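Proteins get letters first, then strands, A, B, ... in listed order; numbering begins at 1 in each. Here the structure is a predicted model, which is why all the values come from computation and not from measurement.
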Amino acid sequence: MEIKNNKLIMDKSANALGALTQRLGRALLFSITAIPTLAIIFIIFFITREALPFFSDLKNVAEFFTGTNWRPSNDADPHFGALPIFYGTVMVTVGSCIVAVPLGILTAVCLSEIVSKKISRIFKPVVELLAAIPSVAFGFFALIVFAPLLQNHGGIVLFGAALACGIPLSLIISLPLGEWVSIKILKLKDESAHPWVCTAIFVPGCSLVCAAAAALLNVEISSGTNALNASVILAIMALPTIVSISQDAINSVGRDMREGSLALGATRFETIFKVVLPCAKSGIAVAVILGLMRVVGETMVVWMASGNSLKIPEPFYNVLEPVRTMTATIAGEMGEADQSTGSARYHVLFAMSFCLLVGGLILNAASQWVASDRLKAKKI
Amino acid sequence: MEMSPNYHPPKEFAISAKDFSVFYGSFHAVKNVNMDFERGKVTAIIGPSGCGKSTFLRCINRMNDLVENCRTEGLLAFDGIDIYHKRLDVAELRRRIGMVFQRPNPFPKSIYENVAYGVRLKGVRKKAILDEIVENSLRRAALWDEVKDRLSSNALGMSGGQQQRLCIARALAIKPCVLLMDEPCSALDPKSTARIEDLIAELSGEYTIAIVTHNMQQAARVSDNTAFFYEGRLVEFGTTSQIFTNPKNKATNDYITGRFG
Amino acid sequence: MRNILDRSFTIMARACLCLMALTLLGFLLPIIYNGLGAVFFNATVEHEKFLRENLDYDIPQKKIELIERADAARAPLWKMISSYENSHGAAESGKLLAQIRKDVFASMRADKETLEKILGLGGRERAEKLRKYAESAWKIYDLEASRLAKSEISPFALDKAFKSEQTSLESDAKKFASDCDKTMKLGFSKRNSLRRNICLPPLGLMKKLRAEISLQNAAYFELKNGIRELLGPSDKTEKSKLNLLRQRYGQTRMDMAKKTLEESILHINIKTKNSRGAEISRRVASKQYFKNSAVEDMIDYIENNFDSMLKPHFTAYWGFFFDEPFDSNIFGGIWPMICGTFYLTFGSMLIAAPLGIAAAIYFSEYAKEGRVISLLRMCVGTLAGVPSIVFGLFGLAFLINTLKVSESKSVLAGAITLALLILPTIIRACEEALKAVPQSYREAALGLGAGKWKAICTVILPAALPSMLTGIIISMGRAAGETAPIIFTAATSIGSALAISDIFTQPTPALPWNIYNICSEHEMADRVGHVQYGMVLTLIGLVLALNFAAIWMRARLQNKVK
């Protein structure tokens, strides 16, 4: 090996073409990586640009957020009151969260802590498959199977649901409540009397639930496509997201914490609720936010199953009334509106999707903030 | 790419270090090392854990570039050329300096492909030539007889000792001038270790070999020169027989006699 | 105490798990069961006829025999119908009435003086006297007509006879009046008066009788419609006149045939007048309504020979997946939708996969931590959070209206929109795959003198490829099932399968959009129930197959590494 050879061969500039190709390649990769950034910038830009003609008129804005008369296609006297639509979105989202969040977290806890590894391994693909089912299939199910069920046998469904939710709920409530009552209020020292107090609370609670259920048995649901239908189906759609991400969060809580708690004599239930869940709470928060995002952005299920009526239900919590959401409005009215590009009804739909986009971005930012919080905490 | 006029590296030294230091962030891992690796000889680097031997070795073929916050000062020269010169083509450097790692790391490809990998990088395409090079390398690594009838099977299916010999064959296939070995036998059983030590003995003379090892007996067996590192400094450097029978430095003596390390 | 809590909690948690599993089952099972019914069902000979005549299927000899036997079984029914509609009794009664009519006119012609006297009177009195005269003159006729109406002759035939009598009466009255005018020199007004009033009674009776009959006939027509819905038209000439395909064939599926029998033949809707005289619709049992008439025999025949007229046989209609749809999906298959979904899925993968892999390589191998990289990563995460309908609107507003990648909707625009949707997921999955490649591979490759790009291409990328493929396949499943992005950019409700050359300019039917369409906006929703389920099953099957492939690949990969 002579020095002369080495000098020439190892000089980078001897291979200028190679170096140039390397630089170009890297630039190309960088520009490809920038595509998602460009995409999101363009999306925000375009939606805002098309929504601006509507928002620039303040009168429109006022009516949009507070008015209840939605008639954008009436050329003579158009109205853009979107309040019922916003309300519909909120109602359906809240409804599905009420069902999905407790159920999802409990299932995740069950899969991580309670059942054997084998069953847990079998369930993992089940949850993934549930997540993979397309939304239009859920919409189909809601419209063709669930809606007639609600319409024809509404009372029975509500009865069963009330019982299924009410009895466990009263059990959950009566046990700690009973304990608290017997310790703080009745000041009973004798441990064996506690179960009696709990029973004393549970029995009336249970009978209350049964009475409510019996009352529901007589309810006639006039239209099977309503907020309840959409909420339940959306809850089923959000469940896999919540379950799998919560499961990851719970699993990442170190083994040593569980062992430490159990070594101190805590039951499994107490370990879960007092040690594991608080530790995993930011991960579970991320899971819930992601489930929320899925629900808010969902189009097909609500379009097919929520009834698409423009009234705010009365009373405001009546889930048996049909409602309409933002996504369904956009999907339903855009086809016609595109024929008259530039008209008010074209721009109002973009205004609505602007609100939707803002909502989605806020939720996304929230989930990333919560997740990074968790990372910061871990580093400490 | 000339050196400073004050320093003319002797031609019989393949690698020379002058006041060479390595920093990980603010941690001074290797402190002002001055040593030369004799061409065609085996140089062993010994010392307790964490004394900077692997760090120093990995700088020779600039593998430490992969580590963030790694900074060097001083001069490290290969055949008279500053390794850290900004116009140096690192890939070319690495083609002339082969490395065998602590844990065997064959690619998830066939045995043939593993050995042929580096050769293909050089541009060799003809199958006849590749076959010849692969066979020669495997023979040199004392692996040919064991694998000659299963060259297309996956390399990950071999035992640890075989995998390490495959890595050696892979490194030899590109005909480097210098061979760096970072504790090559630490993950192997005694029998494989013995075979690899025989291999090192065979290869010396033709290759310049630098071997980092924990095992003093191994260093005593295979190397011509030995360097003793302690806490980032080169404490003593000399011929192996001199270091092991008559160390000049007290620390060296303590280490060799087993009082620490 | 705490133990009770613990145990009850355990029970409840397990119950939640069961609930989830039950939900999945309760969701999938009806779809699978009914969806399979789109392909495997009891078909009637109408199905075979349809396949033979519209899709050029080769019908095996056995089935041809079935068709012939079914036609033979139907022949008596057609005979019954035609004899009911064209009964001789009608002809005879018609002749009878005609004869009486002629006699009455003859007698009136003979009775000239009475006519002249009446015609000599003034306006209203004349009209009244004419009417009274006509009443007495036409009494026989009226009696005969009423008798006929109560007889066994089919109302259908009677209606025809009465109708022709009505026309004849009017023309005869006209002729009589003009004749009288010629002989008696009546003048315009008298002639008109004569013409109008001379046949008033019989005409009035005809109208009344016909009105009564028409109600019965309406019911008969309802029944006949039901028969036509069940069995199709009776002969070829009638068939060729019909425009809609659904009118040319009877029920192709046995379950629908049974439903038709129950709802359109054994029970019909009839119009009656309620107590206030308004017309209402009432549902009656046909056999009750048509008791003791020929129609009841027809219904009995249909009921008893139901199977032999339709010849149900179990068939596997694989053409459901490969045939074009006919007449709004009532017949045929769903091939254009499957084809469109394939185009969109593969198109979006072809766009998103290379971009995603390149971006993942940059993120994991080249990027140095810094503000720019954090920004890029955040944008990828943000893109994942955009609702899918906003993607659809963006595709419409930007790709189609602004960039004009195509004139209006097209597969290209839809594929680009879907690619944007799945890009973040692919980037994440590929980055994870690259991170999972052991660092030792990189070191070994670089140590042998490979340049960075060479090392990536020859060692790292192949090692990460199986995991990357898993992620890409799962994303493909998502793209296949998404509806909102393609509503405005690529999907149409009807159309035939696109040829590859058209995908840059033409829109296409696609499974998700057409499922929505067929469920919500379809006009014959009750007749295409099996198609709805079949489409949903196909879509779910497609997505699940992709996911299973990905899971299987991942499991194989894990075993291999061990």
Side-chain angles (χ1 to χ4, degrees), chain A residues 22 25-26 29-30 32-37 39-40 42-43 46-47 50 103 106-107 109-110 114 125-126 129-130 132-137 140-141 143-145 168 171 175 179 191 194-195 236 239 267-269 293 296-297 299-300 304 327 330-331 334 338 353 356-357 360-361 363-364 368, chain C residues 1-6 8-10 12-14 16-17 20-21 23-24 27 30-31 355 358-359 361-363 366 376 379-383 385-390 393-394 396-398 401 420 423-424 453 477 481-484 487-488 512 515-516 519-520 532 536 539-540 543-544 547 551:
Chain A
Q22 283 243 358
R26 197 187 156 122
L29 277 185
F30 180 76
I32 293 181
T33 311
I35 287 181
T37 313
I40 191 96
F42 270 116
I43 290 179
F46 261 88
I47 304 280
E50 297 290 341
L103 191 63
L106 260 174
T107 312
V109 164
C110 184
I114 299 184
V126 167
L129 288 179
L130 199 60
I133 293 181
S135 60
V136 72
F140 167 82
F141 181 78
L143 183 64
I144 302 286
V145 178
L171 186 69
L175 285 172
E179 203 175 320
E191 281 269 328
H194 287 180
I236 299 180
L239 262 181
T267 61
R268 192 159 59 177
F269 169 67
M293 273 168 61
V296 166
T299 311
M300 295 318 289
M304 293 165 94
T327 45
I330 298 173
M334 195 62 202
D338 190 38
S353 69
L356 201 60
L357 183 63
L361 291 178
L363 282 176
N364 202 336
Q368 290 194 338
Chain C
M1 173 65 228
R2 293 154 72 197
N3 284 331
I4 301 177
L5 208 61
D6 193 33
S8 60
F9 175 74
T10 311
M12 225 173 27
R14 279 191 218 258
C16 284
L17 208 61
M20 249 188 78
T23 313
L24 183 65
F27 172 76
I31 293 183
L355 296 180
I361 291 178
Y362 187 82
F363 274 130
Y366 283 93
L376 289 180
C379 286
V380 173
T382 315
L383 195 64
V386 174
S388 53
I389 187 103
V390 176
L393 271 189
F394 174 70
L396 178 67
F398 182 63
N401 286 343
L420 279 179
L423 193 61
W453 180 242
E482 280 287 335
T483 324
I487 303 179
F488 311 123
I515 292 176
Y516 167 75
C519 292
S520 334
Q532 293 171 345
V536 175
L539 182 64
I540 293 185
V543 171
L544 288 188
N547 276 274
I551 293 180

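- Proximity to chain A involves both the backbone and the side chain of L376(C), based on heavy atoms less than 4.5 angstrom apart.
- Looking at L355(C), both its backbone and its side chain come within 4.5 Å of chain A, counting heavy atoms on both sides.
- Between A331(A) and T299(A), the closest heavy-atom pair is CB-CG2, 3.7 Å.
- Comparing Y362(C), F363(C), W453(C), Y366(C) by heavy-atom pairs within less than 4.5 Å of chain A, the highest count is held by Y362(C).
- For T23(C), the part sitting under 4.5 Å from any heavy atom of chain A is the side chain, from C-beta outward, and nothing else.
- Each of V536(C), L539(C), I540(C) was compared with F140(A) under the side-chain contact (heavy atoms from CB on, under 4.5 Å) criterion, and only V536(C) meets it.
- Here F488(C) pairs with nothing under the ring pair (Phe, Tyr, Trp, His ring centres under 6.0 Å) rule; sequence neighbours left out.
- Here the straight-line distance linking atom CD of Q368(A) with atom OG1 of T382(C) works out to 5.5 Å at 0.5 Å rounding.
- Interface residue L143(A): only side-chain heavy atoms are found under 4.5 Å from chain C.
- Residue contact with chain C, scored on non-hydrogen atoms closer than 4.5 Å, involves the backbone and the side chain of I330(A) alike.
- Ranking G481(C), A359(C), P30(C) against chain A, the residue ahead of the rest is A359(C), based on heavy-atom pairs under 4.5 Å.
- Counting heavy-atom pairs closer than 4.5 Å to chain C, the top-ranked of the candidates G25(A), C110(A), G297(A) is C110(A).
- In this structure, CD1 on I487(C) lies 8.5 Å from OG on S388(C), to the nearest 0.5 angstrom.
- The CG atom of L356(A) sits 9.5 Å away from the CD1 atom of I47(A) when rounded to the nearest 0.5 Å.
- The closest side-chain heavy-atom distance from L393(C) to M334(A) is below 4.5 Å.
- Residues E482(C) and P134(A) form no side-chain contact, since every pair of their non-hydrogen atoms from C-beta on lies 4.5 Å or further apart.
- Heavy atoms closer than 4.5 Å to chain C are found in both the backbone and the side chain of L29(A).
- Per-residue counts of heavy-atom pairs under 4.5 Å with chain C were compared for T327(A), L239(A), I133(A); the largest is that of I133(A).
- The candidate from I31(C), L396(C), V380(C) with the greatest count of non-hydrogen atom pairs under 4.5 Å with chain A is L396(C).
- F46(A) touches chain C through its side chain: at least one heavy atom from C-beta onward sits under 4.5 Å away, while N, CA, C and O do not.
- Listed by chain and number, the residues in a side-chain hydrogen bond (donor to acceptor under 3.5 Å, both in side chains) with S135(A) are E298(A) (sequence neighbours excluded).
- Both the backbone and the side chain of I40(A) have a heavy atom closer than 4.5 Å to some heavy atom of chain C.
- At a 4.5 Å heavy-atom cutoff, the contact between I551(C) and chain A is made by side-chain atoms alone.
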